[in-house]
Amino acid sequence: MGMDAHHSRRSFVRAVSVGALAVGFDTTSRAWAAQAPQGAAADFRRAPHLDGRLLIAPADLAPYEDDFGHLVHRTPRAALLPGSVRDIAAMIAFCGPLGIPVAPRGQGHQAFGQAQAADGLIVDLGPLAAISVDPATSTATVGAGAVWSAVLAASLAHGLTPPVFTDYIELSVGGTLSAGGVGGASHHHGAQVDNVVQLEVVTGTGQIRTCSATRDADLFHAALSGLGQVGVITRAVIRLVPAPTSVRSYSLVYPSVAALTAAQRKAVGDGRFDWLEGTILPAGGGWLYLLEGSAFYDATPPDDNALIGDLGSIGAPQIQDSAYVDFVDDLAPTVAALKASGEWYDPHPWFNGFLPDTAADALVTATMDATTPADLGASGLVLLYPVPTAKFTTPLLSVPDGEIAFLFAVLRTAAPDGGALPAAAQLRENRDLYLRVQAAGGKQYPVGAIPMTPSDWRTQYGARWQAFRAAKRRFDPHGILAPGQGIFAPA
Ligand SMILES: Cc1cc2nc3c(=O)[nH]c(=O)nc-3n(C[C@H](O)[C@H](O)[C@H](O)COP(=O)(O)OP(=O)(O)OC[C@H]3O[C@@H](n4cnc5c(N)ncnc54)[C@H](O)[C@@H]3O)c2cc1C
C-alpha cells in the first residue's frame with residue numbers, strides 16, 4: 001500500500017470518527033482535551049529521571065493515536081517506554097497533580113480508543129515482558145507487556161499452559177486482564193482474570209502495590225477487568241495447568257440459531273469438551289451455524305461417538321487433529337492473510353456483548369435476519385460462545401444473570417471503498433443492538449466499539465457500580481487513568 005492510499009484511508013476514518021462523535025457519545029476525553037493544561041509538553045521536559053525513555057517526537061507518537069479499530073484518533077503528548085516499574089510510578093506521580101491523563105497500553109487491540117489519551121501520557125507496557133515459570137507452584141510470573149503467545153511458549157517448556165486463551169494470542173497480558181480474556185476453555189475455567197494469583201499494580205498516585213484475593217483485595221478486584229481505571233498492572237502471577245500434547249476438533253453444522261444453542265447448552269451442561277465455541281459464518285448469501293468443540297488428549301484420541309453422537313448436527317461433521325500449540329495459535333495464518341490483503345488495517349467497529357440465556361436465541365436470530373454477509377465486510381464473522389456464569393468470579397467482569405450466558409461478537413470490518421456498510425453506520429448498528437441487549441438484561445463485553453452514555457456504564461456495572469466508583473476515587477484520586485474508556489468523568 002502506497003503512502004497516498006494510506007493517507008486517504010486515515011482521512012476517511014478520521015471523518016468517520018467525527019461522525020460517530022457527532023451523535024453525542026464518548027465525549028469525555030475530548031472534553032478533557034479542551035481543558036488540558038497548555039504547558040503539558042513543557043511539563044514533560046521537567047519529568048523525573050527515568051531508567052527507560054520518554055518519546056515526544058510526533059513520528060514516535062503516531063502509533064499511539066491509533067488502535068485495532070482505526071475509528072478513534074487522539075494524539076498524546078508523550079509515551080513512556082519504561083525501563084522499570086519505578087519509571088511508571090514516577091511518571092504517574094508526576095502526572096497526577098498536573099491532571100495529565102495516563103493511558104496504559106499493551107498491544108492497542110481494543111477498537112474504540114480505549115488505550116489512547118488526548119494530550120496525555122501513554123505507558124507502553126511492551127518493555128516489561130519478562131516471563132518466569134515455576135513448575136513447583138504451577139504458576140508463571142509475567143510482565144504485563146508480555147503477549148500470551150510468549151507465555152504459552154515459556155509454559156510449554158515445562159509441560160504447562162495457561163488454562164484459558166483468547167482466540168488471538170498476540171494480545172498483552174495486561175490488556176486482557178484489564179478486560180477479561182474469554183475463550184473456548186472459559187466454560188471450564190472462567191476468563192483469564194479468574195486465573196490470576198497475584199498482581200503488581202501502580203496506582204493512580206504512583207504507588208507500587210502487590211495485591212491478591214487475600215492481600216489488598218480491593219485493589220486486586222478493581223484491577224482485574226477494571227479497564228485500566230484504578231492502576232497500571234505491571235506484573236501478574238498466573239495459574240498454569242498441565243498441557244496436553246494434542247487436540248481433536250469437531251465442527252458441527254446446524255440450520256438455525258436455536259439448533260446451535262440447544263447443542264451448545266447440552267455440551268456445556270456435561271462439560272464433554274475441553275474447549276467450546278460457536279461461529280456464524282456467511283454461506284451462500286445466508287448463514288451457517290457452527291458448533292466448534294475440541295477435546296484434548298495425549299496418547300489416545302477421544303471417542304468421537306461419545307462426544308458428538310447425540311449433538312444432532314446436519315451433514316457430516318468435520319474432525320481434525322492438531323498439536324496443542326498449533327490449536328491455541330490457529331488464528332495466526334488468518335491474521336497473516338488479513339495483513340497481506342490489508343483488511344487487518346481497515347476500521348473494525350466490533351460489537352461484543354454477553355446475552356442472557358433467556359433472550360439469546362431471539363436476539364441472535366433477529367440480528368442475523370437483519371444482517372447480510374456484505375454488512376459485516378469481507379472478513380467479518382459472528383461468534384457465539386456459551387459460558388456458565390458461575391465460572392466468572394471476577395467482580396468487574398459483568399455478565400448477565402442466569403446459569404448460562406452467550407458471548408455474542410459481531411466482528412464487522414468497514415471497508416472505505418465499498419462492500420461493507422461505512423463504519424459510522426456500523427457504530428449506529430452496534431448502539432441499537434446494545435440497547436436491545438441491555439433491555440434484555442445483557443451486558444457489553446467492553447473490548448469493542450459500542451458508543452456508551454454515563455447511564456449505560458452505571459447499568460453495565462449494576463450493583464457493583466458504587467464499589468467501582470469508590471475504587472476509582474480511592475486509587476486514582478486525580479482521575480487520570482485510562483480516560484479512553486470514557487467510564488468516569490475527569491476528577
Ligand atoms: C483479533 C482480536 C481477537 C480477539 N479475541 C478475543 C477473544 O477471543 N477473547 C477476548 O476476551 N478478547 C478478545 N479480543 C479483545 C482483547 O482481549 C482486548 O481488546 C484486549 O484488551 C486487548 O489487549 P491489548 O494488549 O491490545 O490491550 P490495549 O488495547 O492496549 O488496552 C486495552 C485497555 O486496557 C488498558 N490496559 C492495557 N494494558 C494495561 C495494563 N497493563 N494495566 C492496566 N490497564 C491496561 C488500556 O488502557 C485500555 O483501556 C480480541 C481482539 C482482537 C483484536
Side-chain angles (χ1 to χ4, degrees), residues 29 63-64 66-70 72 76 82 85 88 92 101-117 120-126 128-129 142-148 164-186 190-194 199-204 219 222-236 275 277 279 328 330-332 334-335 338-339 343-344 348 350 352 354 379 381 383 385 387 392 397 407 409 411 413 445-449 475-476 480-487:
S29 55
Y64 301 111
D66 198 4
D67 54 35
F68 182 75
H70 309 299
V72 171
V85 176
I88 300 176
I92 291 181
V102 176
R105 182 174 176 113
Q107 291 294 308
H109 276 55
Q110 289 207 355
F112 211 34
Q114 289 95 332
Q116 298 179 30
L121 173 72
I122 305 295
V123 176
D124 182 338
L125 273 299
L128 299 186
V142 177
V147 291
W148 285 94
V164 184
F165 285 97
T166 50
D167 293 337
Y168 182 49
I169 59 174
E170 304 307 328
L171 306 166
S172 79
V173 168
T176 69
L177 295 187
S178 300
V182 182
S186 289
Q192 289 175 326
V193 282
D194 300 309
L199 292 177
E200 179 184 72
V201 176
V202 180
T203 68
L219 179 59
L224 291 172
S225 291
L227 301 175
Q229 296 304 302
V230 298
V232 179
I233 298 170
T234 47
R235 199 177 59 216
W275 184 96
E277 295 191 344
T279 302
V328 173
D330 75 342
L331 212 57
T334 305
V335 171
L338 291 174
K339 285 184 174 174
E343 282 168 76
W344 186 257
H348 292 107
W350 281 9
N352 299 75
F354 286 110
S379 57
L381 83 165
L383 307 176
Y385 301 174
V387 286
F392 290 76
L397 180 55
L407 176 65
L411 306 182
T413 303
Y445 176 44
V447 298
F475 297 114
D476 181 21
I480 55 169
L481 291 176
Q485 294 284 355
I487 302 171

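Nothing fancy with the numbering, it's 1 onward along the sequence. Counting starts at 1 for both ligands and their atoms, in listed order.
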Open item on the list: Do E343 and T413 pair up side chain to side chain, a donor and an acceptor below 3.5 Å, judged on atom types alone?
Closed with: no

- [ ] Tell me yes or no: between the side chains of T166 and W148, is some donor less than 3.5 Å from an acceptor?
- [x] no

Open item on the list: Please check whether L331 reaches ligand 1 - meaning an N/O of the residue sits under 3.5 Å from an N/O of the ligand, judged on distance alone.
Closed with: no

TODO: Ignoring hydrogens, just give me the one of L171, N352, I487, D167 whose non-hydrogen atom is nearest atom 13 (C) of ligand 1.
DONE: L171

- [ ] Tell me which part of Q485 gets within contact of ligand 1: side chain, backbone, both or neither, using heavy atoms under 4.0 Å.
- [x] side chain

- [ ] May I ask you to test the D124-Y64 pair for a side-chain heavy-atom distance under 4.5 Å?
- [x] yes

TODO: Take every heavy atom of G231, measure it against each atom of ligand 1, and state whether any distance is under 4.0 Å.
DONE: yes

TODO: Heavy-atom contacts with Q114 under 4.0 Å: which atoms of ligand 1 show up? List them by number with element.
DONE: 47 (O), 48 (C), 49 (O)

Open item on the list: Is the contact between F165 and ligand 1 made by the side chain, the backbone, both, or neither, using heavy atoms and a 4.0 Å cut-off?
Closed with: neither

TODO: Number the atoms of ligand 1 from 1 as they appear, then name those within less than 4.0 Å of a heavy atom of I233, with their elements.
DONE: 40 (C), 41 (N), 42 (N), 43 (C)

Open item on the list: Could you tell me, atom by atom, which parts of ligand 1 come under 4.0 Å of a heavy atom of G228?
Closed with: 43 (C), 44 (N)

TODO: Give me the ring orientation class for W350 and H348: parallel if the planes are under 30° apart, tilted from 30 to 60°, perpendicular past 60°.
DONE: perpendicular

Task: Proximity flag D67 to ligand 1, non-hydrogen atoms under 4.0 Å - done: no

Open item on the list: Suppose I only count heavy atoms of L125 and a 4.0 Å limit; which atoms of ligand 1 are within that range?
Closed with: 41 (N)

TODO: Please state which part of S178 comes within less than 4.0 Å of ligand 1, counting heavy atoms only: side chain, backbone, both or neither.
DONE: side chain

Open item on the list: Heavy-atom distances under 4.0 Å decide this one: backbone, side chain, both or neither, for T166 against ligand 1?
Closed with: both

Open item on the list: Under 4.0 Å from a heavy atom of W344: which atoms of ligand 1 are those, numbered in the order shown and with their elements?
Closed with: 1 (C)

Open item on the list: When you compare the side chains of D67 and Q116, does any donor N or O come within less than 3.5 Å of an acceptor on the partner?
Closed with: yes

Task: Shortest non-hydrogen contact from A129 toward G145 - done: CB-C, 4.0 Å

Task: Under 4.0 Å to a heavy atom of G181 - the qualifying atoms of ligand 1, by number - done: 11 (O)

Open item on the list: In terms of relative ring orientation, are W344 and Y168 parallel, tilted or perpendicular, with 30° and 60° separating the classes?
Closed with: perpendicular

Open item on the list: Check contact between G108 and ligand 1, using heavy atoms of the residue and a distance below 4.0 angstrom.
Closed with: yes

TODO: Classify the side-chain pair S172/Q107 by whether it contains a donor and acceptor separated by less than 3.5 Å.
DONE: no

TODO: Enter the distance from F354:CZ to F392:CZ here, rounded to the nearest 0.5 Å.
DONE: 5.0 Å

- [ ] Run the numbers for me: atoms of ligand 1, each under 4.0 Å from some heavy atom of A144, listed by number.
- [x] 41 (N)

Task: Contacting atoms of ligand 1, where contact means under 4.0 angstrom from a heavy atom of Y168 - done: 1 (C), 2 (C), 3 (C)

